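Remarks on the structure that follows.
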Amino acid sequence: MALMTAPWRTTAVAVAAGLLASGPAAAHPHVFIDYAVTVQFDDAGLAAVRLSWTFDEMYSSMLFHDYTSRPKGALTVADIKSLEDGAFKATADYHYFIDMTLNGEAVAVAEPTAFTARFEQHRMTYSFTVPVHGGTAGARNTLEIAAFDHEFYIDFELAKKAAVTVEHGEKLAAACAPKTLRKDTSTFGPMDAVVVACTYGRAS
């Protein structure tokens, strides 16, 4: 029951129609998100991770009707601000559902920047950037990124197209690819999850 802090949970309860009742059904995910990752580098090295979340049609419809002016065209600046303040920021208590490690050590998730949203083909997509820096000079570093809900209320899956990209990583020979890891949930115990694993930096 993670993503649903305050307004998100209220909306989901209204549509879930009893799925939050106690028992096995309550453990099943109720929100489905396809996500994509862009790992960004600059002249100093690792700079940020930009993520996109594309929601399932049912939850997209709830977001559209609850947090926008219901435009016929593209979302307005005011709509995007409403989504950010009314829905997205509620995920801060869950570290924005991002797990990151750098060379095996957990990375604190900084407050995201450059939030935007769009509504296309009945699906809402958020995009936002998480600043992240680090790595050992002269060594090959490994950054692992996962969008994951440890309560498994939300099912995050890597997008089927353009799921992983790298920007300006040529000088550090950056390479990123999906990887399957076991991750713990509070409802089902350990589960397989697909994460994004990136290596960068030249070994001395």
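Both backbone and side-chain heavy atoms feed into the values below; hydrogens, waters and symmetry mates do not. Owing to the predicted nature of the structure, the values given are computational and were not obtained by experimental measurement.
Inspection of the T165 and T38 side chains reveals an N or O donor paired with an N or O acceptor under 3.5 Å. With no hydrogens or angles considered, no side-chain donor-acceptor pair links S60 and R123 at under 3.5 Å. S69 and D79 form a side-chain donor-acceptor contact under 3.5 Å, judged by distance and modelled atom types alone. T129 and R50 are linked by a side-chain donor-acceptor pair at a separation below 3.5 angstrom, with hydrogens and angles left out of the test. Checked by atom type, the side-chain pair T116/S127 shows no donor-acceptor distance below 3.5 Å.
Ring-centre distance between F88 and Y96: below the 6.0 Å cut-off. Remark: aromatic rings of F32 and F55 are distant, center separation not under 6.0 Å.
Atom CD of E170 and atom OH of Y200 lie 15.5 Å apart (nearest 0.5 Å). The distance from atom CG of L102 to atom OG1 of T136, rounded to the nearest 0.5 Å, is 7.5 Å. Interatomic distance, CG of L63 versus OG of S82, reported as 10.0 Å (0.5 Å rounding).
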Between V37 and V39, is the side-chain contact (heavy atoms from CB on, under 4.5 Å) condition met? List the steps. CA-CA 6 Å; V37 175; V39 182; 4.0 Å; yes
For a side-chain contact (heavy atoms from CB on, under 4.5 Å) check, start with the C-alpha distance between Y35 and T54, then their side-chain angles and the critical distance, and finish with the verdict. CA-CA 6 Å; Y35 78 100; T54 299; over 6 Å; no
Show your working on side-chain contact (heavy atoms from CB on, under 4.5 Å) between V196 and L158 and close with a plain yes or no. CA-CA 9 Å; V196 174; L158 268 179; 4.0 Å; yes
side-chain contact (heavy atoms from CB on, under 4.5 Å) assessment of I80 paired with R118: CA-CA 8 Å; I80 294 169; R118 67 181 187 274; over 6 Å; no
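Below 30°, between 30° and 60°, or above 60°: for F97 and F156 the angle between ring planes is between 30° and 60°, a tilted geometry. Classification of the H150-F148 ring pair by plane angle, with boundaries at 30° and 60°, yields perpendicular.
Counting heavy atoms from C-beta on, the side chains of W53 and T125 never come closer than 4.5 Å. Between E144 and M100 the shortest side-chain heavy-atom distance does not fall below 4.5 Å. H133 is not listed as a side-chain neighbour of L46, based on a closest heavy-atom distance of 4.5 Å or more. Between E84 and K89, the closest side-chain pair of non-hydrogen atoms falls below 4.5 Å. Between V31 and D155, the closest side-chain pair of non-hydrogen atoms is not below 4.5 Å. Looking at I154 and H30, their side chains never come closer than 4.5 Å, going by heavy atoms from C-beta outward. By the 4.5 Å heavy-atom criterion applied to side chains, D93 and T91 are not counted as neighbours. In this structure, D56 and I33 have side chains that are not in contact, with every pair of non-hydrogen atoms separated by 4.5 Å or more.
Checking each of V49, V107, V130 against I98 for a side-chain contact (heavy atoms from CB on, under 4.5 Å) leaves exactly one that passes, namely V130.
We find that K183 and D99 are joined by a salt bridge, their nearest charged nitrogen and carboxylate oxygen being less than 4.0 Å apart.
One N or O on the side chain of T68 and one on the backbone of F64 form a donor-acceptor pair closer than 3.5 Å. Remark: the backbone N or O of G201 is paired with a side-chain donor or acceptor of R140 at under 3.5 angstrom.
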